[in-house]
Amino acid sequence: MRSPFIIVAIDGGAASGKSSSARALSDRFHLLHADTGSYFRALTAHLLLKKVPVDDPAGVRRVLPEIKLTTHVSGHSARIEIDGRLTGEEIRSKEVNAAVSHFAAIPELRALLVQYERGQAEAARSHGFNGLVMDGRDIGTIIFPNADFRFFLHADPAERARRRAREGQTDAVAERDRLDSSRQTAPLACPQGAVSIDSTLLTLAEVVAIMTTAIEEGIAALR
Ligand code: C5P
């Protein structure tokens, strides 16, 4: 039987395992995967390249209208292109880690990505996927509040810092969470009706198993 088109929203703090579990679900259910953290990172790298300081929202507002965002679908992954260019590993740099939450608090920058991200449901359909799995901070609250499946991942901050260190990254996860949770526009929060998962003591496979069961049961009920 043909699968229904589904939207899966995964939200959570820095290094909570969102993107890894979203990638696993995209393989399992043939969904397009959108890692929205990478979109905020790509815009941050672009703004830093344009020499816009993090404390200059007017400078950000000046640059935004010149930016053209498009999507490159590569395998299961929806990658952002800025002015026709894909970004690379520079979006994981220590400079981007330190700046991204400051730029992400600017309402105009968020508004640009809200439109772009909603459009990815259509990209998923037109590329023949069974749906879209999107991870970030505001997916189940703002981008797709009616997503078929909503998950909220959290984990002990010390464990999350260890995960980043194992990846060889310098990243103040607790500080980014503080900024992301306290901003005025679209703060990080557990979406209504989301399945909340504490991943501190779970392996990635265990987290994915919980999500997979919930989605399989939900799909069976949708049929
Ligand atoms: O997911 P990742 O840690 O790569 O996200 C980088 C930053 O992008 C976050 O700390 C947050 O400031 C911002 N972000 C956001 N909303 C999203 C995704 C990411 O504000 N949906």
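Atoms within a ligand are numbered from 1 in the order they appear, just like the ligands themselves. Any value given below was found using the heavy atoms of this structure, including those in side chains, with hydrogens, waters and symmetry copies removed.
Side-chain atoms of D138 never come within 3.5 Å of backbone atoms of A186 as a donor-acceptor pair (strictly under, hydrogens ignored). For the pair K50 (side chain) and V63 (backbone), a donor-acceptor distance under 3.5 Å is absent.
A salt bridge links D177 with R160: the distance from a Lys NZ or Arg NE/NH1/NH2 to an Asp or Glu carboxylate oxygen falls below 4.0 Å.
Taking the ring-ring contact (aromatic ring centres under 6.0 Å, His included) definition, one finds that H76 meets it with H30, F129, sequence neighbours left out.
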One line per pair, note the atom names and distance for all nitrogen or oxygen contacts under 3.5 Å between ligand 1 and the protein.
residue, atom, partner, partner atom, Å
ligand 1, 1 (O), R137, NH1, 3.0
ligand 1, 3 (O), R137, NH2, 3.0
ligand 1, 3 (O), R176, NH1, 2.8
ligand 1, 3 (O), R176, NH2, 3.4
ligand 1, 4 (O), R41, NE, 2.7
ligand 1, 4 (O), R41, NH2, 3.4
ligand 1, 10 (O), S101, OG, 3.3
ligand 1, 10 (O), R137, NH2, 3.4
ligand 1, 10 (O), R176, NH1, 2.7
ligand 1, 10 (O), D180, OD2, 2.7
ligand 1, 12 (O), S101, OG, 3.1
ligand 1, 12 (O), D180, OD1, 2.7
ligand 1, 12 (O), D180, OD2, 3.3
ligand 1, 16 (N), R110, NH2, 3.0
ligand 1, 20 (O), R110, NH1, 2.8
ligand 1, 20 (O), R110, NH2, 3.4
ligand 1, 20 (O), R183, NH1, 2.9
ligand 1, 20 (O), R183, NH2, 3.0
ligand 1, 21 (N), T36, OG1, 3.1
ligand 1, 21 (N), R137, N, 3.0
ligand 1, 21 (N), D138, OD1, 2.8

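If you run side-chain hydrogen bond (donor to acceptor under 3.5 Å, both in side chains) between N97 and each of R41, R176, R92, only R41 comes through.
Checking E81 against T71 by side-chain atom types alone, no donor-acceptor pair falls below 3.5 Å.
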